[in-house]
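Residue numbers start from 1 in every chain, and the chains themselves are labelled A, B, ... in the order their sequence lines are given, proteins ahead of strands. Atoms considered below: every heavy atom in the structure, side chains included; atoms not considered: hydrogens, waters and symmetry mates.
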Number of protein chains: 4
Amino acid sequence: MNNVVLIGRLTRDPEVRYTSETQMAVARFSVAIDRPVRSGGEKQTDFPNVVVFGKQAENCERFLRKGRLVGIQGRIQTGRYTNKNGDTVYTTEVVANNVEFLDWGDRNERSERPAAQSSQKEDMGIPDGFQAIEDEDIPF
Amino acid sequence: MNNVVLIGRLTRDPEVRYTSETQMAVARFSVAIDRPVRSGGEKQTDFPNVVVFGKQAENCERFLRKGRLVGIQGRIQTGRYTNKNGDTVYTTEVVANNVEFLDWGDRNERSERPAAQSSQKEDMGIPDGFQAIEDEDIPF
Amino acid sequence: MNNVVLIGRLTRDPEVRYTSETQMAVARFSVAIDRPVRSGGEKQTDFPNVVVFGKQAENCERFLRKGRLVGIQGRIQTGRYTNKNGDTVYTTEVVANNVEFLDWGDRNERSERPAAQSSQKEDMGIPDGFQAIEDEDIPF
Amino acid sequence: MNNVVLIGRLTRDPEVRYTSETQMAVARFSVAIDRPVRSGGEKQTDFPNVVVFGKQAENCERFLRKGRLVGIQGRIQTGRYTNKNGDTVYTTEVVANNVEFLDWGDRNERSERPAAQSSQKEDMGIPDGFQAIEDEDIPF
DNA sequence: TTTT
DNA sequence: TTTT
């Protein structure tokens with residue numbers, strides 16, 4: 001069992017690359033999640049990193065921008081690599097199974113597309129406030 | 001372990017009553033959550049019932065209306081009672097530990113309060129997109 | 001977003017039926033989950049109902065018995081039907097995506113199979129403490 | 001919303017220190033969680049780090065050992081620090097709200113205590129398969 | 001590297 | 001630094 005649910009705002013636009021063999025999209029971003037404020041305490045925020053694969057990653061590239069609110073269901077994945085100094089770096093990120101777009105704002109849209117509208121969302125088969133996962137999208 | 005996370009829209013205004021001894025608020029509502037649409041399938045929706053206690057219930061009464069989008073973290077609670085026909089009715093509901101208001105819309109507001117605005121939210125100590133839980137609110 | 005995680009013990013042996021057309025297995029059971037005990041309070045327990053489909057349901061039939069400890073990841077599903085008195089009954093159950101067997105005990109085994117052992121588990125391709133979900137098992 | 005549920009086995013004994021001012025216990029460990037095995041794929045495992053505070057940390061020190069199975073409910077916390085080379089290191093860990101001991105094994109027990117038994121668990125006020133969180137334990 |  |  002390894003189950004994560006997050007609701008937070010993108011700290012920057014998603015970064016998307018494509019795998020060389022299958023040209024599968026891989027989107028990465030981090031989300032800001034404010035911790036519950038203790039009385040008399042100051043605001044604190046966590047910034048978990050998120051990875052999304054496949055068609056969902058393509059939708060992230062099209063629709064998500066810095067500041068957008070998203071709901072994420074996924075799992076924690078750990079890894080490691082050796083950096084240029086030769087020491088081991090440990091990584092922890094959230095692999096998303098499902099990304100829901102929780103505000104369809106009209107600001108911060110990329111220039112190559114018009115603002116999201118109800119009709120457009122339906123054209124794309126994207127129900128309001130929900131984004132289905134397709135089996136063929138899951139590469140792991 | 002008994003952990004539930006929901007994101008959905010209120011199917012009606014919250015119903016709020018107060019316990020007789022301590023005058024603690026108890027808010028009840030249900031949320032609509034669309035299931036992921038299977039290709040070729042038709043839309044289906046679940047309607048789990050939600051209960052909230054204490055100060056959070058008071059905030060639900062003030063700020064939540066039918067159609068609002070909320071994020072809920074809580075647990076499943078089961079119970080039973082005997083109805084007027086004398087047969088046992090089994091109940092299942094989600095007891096919320098945390099309710100987050102995910103859209104601060106300007107429609108459907110109750111008449112006795114003005115539309116939520118940034119400054120007002122800060123007046124109330126309610127951070128945008130998050131609603132802290134206070135220890136003294138938890139009655140269970 | 002509709003995400004549930006439970007850890008609890010089966011209140012009875014799973015009930016399994018098979019759909020008429022595709023002969024897909026459908027397993028049903030409920031689990032007992034003790035609530036955190038409040039100091040000075042008495043023990044209270046929730047009994048959510050769980051449904052499992054496909055190959056996972058078959059594994060539940062083979063390996064799960066009353067009293068076994070399971071971890072469940074799934075979602076809340078609501079429904080309704082009309083009973084023989086003609087009144088509408090509302091239902092809430094947890095549809096499991098993943099069922100993990102958390103104790104491989106040697107008691108309460110069905111007579112038609114020997115006690116679970118390490119070698120047998122490996123024969124069945126079931127890793128210890130984890131039960132993979134196969135895509136073809138998911139009927140919704 | 002920031003919600004994590006894990007079930008996994010300790011990769012080593014918990015490390016416990018006490019804060020200097022309040023002498024609050026802080027336990028740290030990581031858990032091994034096998035990923036669902038893809039057909040034809042090889043086993044892969046994640047190793048998220050976990051932190052526990054207060055009385056629950058003390059219980060971890062007493063009862064948990066390398067190899068034990070635990071259920072954890074908590075949240076993702078990120079941070080950073082500067083290492084001796086002067087570069088920034090980013091950290092991600094799971095802050096546990098609740099730790100459940102899922103196997104009360106008789107091996108790997110520390111010498112200063114006998115094997116856990118039903119009566120002893122009740123003596124300690126620890127219900128079987130569940131470990132309550134006390135309000136005064138939560139330091140954040 | 002941090003969002004409203 | 002990795003568990004059964």
Measure [atom1]/[X] against [atom2]/[N] and give the value in whole Å, please.
X: D/Phe29; N: F/dT2; atom1: CZ; atom2: C1'; answer: 14 Å
X: A/Arg12; N: E/dT2; atom1: CZ; atom2: C1'; answer: 8 Å
X: A/Asp46; N: E/dT4; atom1: CG; atom2: P; answer: 17 Å
X: A/Leu10; N: E/dT3; atom1: CG; atom2: P; answer: 11 Å
X: D/Asp103; N: F/dT3; atom1: CG; atom2: P; answer: 15 Å
X: B/Leu102; N: E/dT4; atom1: CG; atom2: C1'; answer: 13 Å
X: A/Tyr81; N: F/dT1; atom1: OH; atom2: C1'; answer: 17 Å
X: D/Arg9; N: F/dT3; atom1: CZ; atom2: P; answer: 12 Å

Discussion item. Counting distance alone, no hydrogens or angles: does the base of E/dT3 have a donor or acceptor under 3.5 Å from a partner atom on the side chain of A/Thr45?
Written reply: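 When only heavy-atom distances are counted, A/Thr45 does reach the base of E/dT3 through a donor-acceptor pair under 3.5 Å.
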
Worksheet entry | Distance-only donor-acceptor test, D/Lys43 side-chain atoms vs F/dT3 base atoms, 3.5 Å |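 Answer is yes: a donor-acceptor pair is held.
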
Worksheet item: Among E/dT3, F/dT1, E/dT1, which nucleotide sits nearest the side chain of A/Asp34?
Response: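 The listed nucleotide nearest to A/Asp34's side chain is E/dT3.
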
Discussion item. Please list all pairs meeting salt bridge (Lys or Arg N to Asp or Glu O under 4.0 Å) that have one or both residues in residues 81-92 of chain D, counting only residues at least two apart or in different chains.
Written reply: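 Listed once each, the pairs would be none.
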
Discussion item. Between D/Asp13 and D/Lys66 (side chain of the first, backbone of the second, donor and acceptor by atom type, cut-off under 3.5 Å), is there such a pair?
Written reply: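 Between the backbone of D/Lys66 and the side chain of D/Asp13 there is a qualifying donor-acceptor contact (under 3.5 Å).
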
Worksheet item: Would a distance-only check, ignoring hydrogens and angles, find a side-chain to backbone donor-acceptor pair under 3.5 Å from D/Glu93 to D/Val51?
Response: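 No, the answer is negative, given that no donor and acceptor are paired below the 3.5 Å cut-off.
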
Practice prompt. Check side-chain hydrogen bond (donor to acceptor under 3.5 Å, both in side chains) between A/Asn2 and all other residues, then give those that pass, not counting sequence neighbours.
Written response: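 side-chain hydrogen bond (donor to acceptor under 3.5 Å, both in side chains) check on A/Asn2 returns nothing, list empty.
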
Worksheet item: Does the side chain of A/Arg65 get closer than 4.0 angstrom to OP1 or OP2 of E/dT3 through an N or O atom?
Response: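 For E/dT3, neither OP1 nor OP2 has a side-chain N or O of A/Arg65 closer than 4.0 Å.
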
Worksheet item: According to a strict under-4.0 Å criterion, is D/Arg80 in side-chain N/O contact with OP1 or OP2 of E/dT1?
Response: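 Yes, such a contact exists.
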
